[in-house]
Amino acid sequence: MDQHLVITAPDRPVGGTVTRFAPSPTGYMHVGNLRTALYTYLTARHDGGTFILRIEDTDQGRKVEGAVDVIYKTLRETGLTWDEGPDRPGKFGPYVQSERMGIFKGYAEQLVREGKAYYCFCTEERLEQMRADQIAAGQAVGSYDRHCRDLSEAEIAENLKNGVPYVIRQKMPLTGKTSFDDLIYGHIEVDNSELEDQVLLKSDGMPTYNFANVVDDHLMGITHVLRGNEYLSSTPKYNLLYEAFGWDKPTYIHCPPVMKDAHQKLSKRNGDASFEDLVAKGYLSEAVLNYLLLLGWSPEGEKEIFSLDEMIENWDPARISKSPAIFDPLKLRHINFEYIKALSPEAFTEKAKAVIGDALLSKIENVELLCKNLQPRTEVLGEIPAQIGFIEAVPDYDNELYVNKKMKTDPVSALESLGTLLPVLESVPDWTPDAIFAACAAKAAELEVKNGKLLYPLGIALAGTRSTPGGGTDLAIILGKAETLARVKAAIEKLSA
Ligand code: GLU
């Protein structure tokens, strides 16, 4: 696969904005994730900065085979190209978290040396007992009781000498408040007494997710951290880590969730569509991206349709909305329709052919004409087959379909019209739309009736439905001469029965 093609990333612009998209490979790209990727990409590109892809794959329990490929594929399909990543190593790699595991222990130990973190030797049994005691005492369950925070030097040395397993915990301030500013949510303050002495390094020497995330962001020079607001409540702890190390803090930009409705988050696990599902249904990747842009962000004017370059130009992360965004399938359809209408006829035909499939294509005499008629009627590509089911076979239909007040037709007049048209169609010199139309119109003029009197019944005879991509003459071209004549004869028979 081409992601194994490794290209060395160019040097970063000095002092520029650096953002990262840090997905955990779960096997699909849900639309909320893709929106985060887009906003993260735009924040870097608007400033002429660097966009990094970092794979956060340390949660082995959630690891899914092929999931990283889904991330690459989605970002490539949507044009969100990254400057540095697993396949574009720069000076700040590796860019896959599981390959960075050797980095973190030293940082955790540095904090221990500086008195900002400590070894905790509590066994799992003790922690369980602690939780049971908390429940019995009617206290909030979960927070570590800081049993090892003040062990004596001698006790620590003894435990280490005896190889007692330990984790490293961060020493949270016991009093006061921690605050930080989020570009979207504003000034946030928490009482330090609410913060647990979180584990930084596990007993196997591996970092916890939160610790690795902060150290990686620092080492990779990330200036703007964009992510879902589910991380907002952990951010005070992240912030305290930056302070403990004396590192520059990034600008925090937390995005509100993408909701299915007022109560439920949109989630693949609940059966909601992922990016791949939407594309499979016939949404264009550009349209999905454009929809996601507007899902929780508003531009200054009324403009709705943005190319990627226009998104970059107009982007301002401060305009991300604070309120949860509700996924609106109708709006997505509307935007998709705009993108479909804007395709060149050739591009639309290519996409439509892929949906129609070879079996049905072999029954279509003029695909270009069919597609010309389909393009202004198609909101989502996946709905094309339902519009052209009549090509395979005329569905069972009621002769009442021939009733059309405007055209002054009914089953009796239709029988007459089709009887008149059959020899006209049989003798049309060229099977082209113009020639067929001219022959039918000449016949109508001769009979002193409107064209519709003949052509409306022709459409029903050929398709067995009123909703067709094109009128009777176009359907004749799409189906071809032999099939058209056969269907007109069958309709005459059905009307005579
Ligand atoms: N790996 C995290 C996720 O996929 C992202 C966390 C972050 O951006 O800081 O949810």
Inset, instruction - Measure up the Phe51 and Tyr41 rings against each other and bin them: parallel (under 30°), tilted (30 to 60°), perpendicular (over 60°). - result: perpendicular

Inset, instruction - Establish, from distance only, whether the side-chain atoms of Asn314 and Glu300 form a donor-acceptor pair under 3.5 Å. - result: no

Inset, instruction - Might you work through the side-chain contact (heavy atoms from CB on, under 4.5 Å) test for Phe327 and Lys260, ending with a clear yes or no? - result: CA-CA 6 Å; Phe327 187 82; Lys260 184 193 189 93; over 6 Å; no

Legend entry - Near-ring test Tyr252/Tyr238, centroid separation under 6.0 angstrom: no

Legend entry - Distance-only donor-acceptor check, side chains Thr36 and Asn33, under 3.5 Å: no

Inset, instruction - Say whether Glu379 and Asn336, considering side chains only, have a donor N or O and an acceptor N or O under 3.5 Å apart. - result: no

Inset, instruction - State, without any angle test, whether Gln97 and Thr58 hold a side-chain donor-acceptor pair at a distance under 3.5 Å. - result: yes

Legend entry - Lys/Arg N to Asp/Glu carboxylate O, Glu56 vs Arg54, below 4.0 Å: yes

Legend entry - Trp82 side chain to Asp87 side chain, donor-acceptor N/O pair below 3.5 angstrom: yes

Inset, instruction - Measure the spacing between CG of Leu343 and OG1 of Thr378 and express it to the nearest 0.5 Å. - result: 10.5 Å

Legend entry - Any donor-acceptor N or O pair under 3.5 Å, side chains Ser152, Glu155: yes

Legend entry - Stepwise side-chain contact (heavy atoms from CB on, under 4.5 Å) check, Glu313 with Arg45: CA-CA 9 Å; Glu313 197 185 316; Arg45 290 284 175 264; over 6 Å; no

Legend entry - Lys303 vs Glu310, salt bridge (charged side-chain N to carboxylate O under 4.0 Å, His left out): CA-CA, chis, key distance, verdict: CA-CA 11 Å; Lys303 185 175 161 69; Glu310 289 169 331; 3.4 Å; yes

Inset, instruction - Taking atom types as modelled, find out whether Glu383 and Gln387 have a side-chain donor-acceptor pair closer than 3.5 angstrom. - result: no

Inset, instruction - Taking atom types as modelled, find out whether Asn290 and Glu286 have a side-chain donor-acceptor pair closer than 3.5 angstrom. - result: no

Inset, instruction - Establish, from distance only, whether the side-chain atoms of Thr43 and Trp315 form a donor-acceptor pair under 3.5 Å. - result: yes

Inset, instruction - Please assess Asp197 against Tyr118 for the test side-chain contact (heavy atoms from CB on, under 4.5 Å), listing each intermediate value before the final yes or no. - result: CA-CA 9 Å; Asp197 283 357; Tyr118 59 92; 2.7 Å; yes

Legend entry - Distance-only side-chain donor-acceptor flag, Ser267 / His30, under 3.5 Å: no

Inset, instruction - Could you walk me through whether Tyr28 and Phe275 pass ring pair (Phe, Tyr, Trp, His ring centres under 6.0 Å), step by step? - result: CA-CA 8 Å; Tyr28 46 80; Phe275 171 75; over 10 Å; no

Inset, instruction - Flag the pair Lys281 and Glu276 as a salt bridge only when some basic side-chain nitrogen lies within less than 4.0 angstrom of an acidic carboxylate oxygen. - result: no

Legend entry - Ion pair check, Lys372 and Glu368, cut-off under 4.0 Å: no

Legend entry - side-chain contact (heavy atoms from CB on, under 4.5 Å) between Gln110 and Phe245, intermediate numbers included: CA-CA 9 Å; Gln110 177 190 334; Phe245 282 113; 3.9 Å; yes

Inset, instruction - Determine whether the side chains of Ser321 and Ser323 contain a donor N or O and an acceptor N or O closer than 3.5 Å. - result: yes

Inset, instruction - Using a cut-off of 6.0 Å, state whether more than 12 heavy atoms not belonging to Asn162 lie near its atom CG. - result: yes

Inset, instruction - May I ask you to check whether over 12 heavy atoms, not counting those of Lys116, lie within 6.0 Å of atom NZ? - result: yes

Legend entry - Asp83 and Thr50 side chains, donor-acceptor separation under 3.5 Å: no

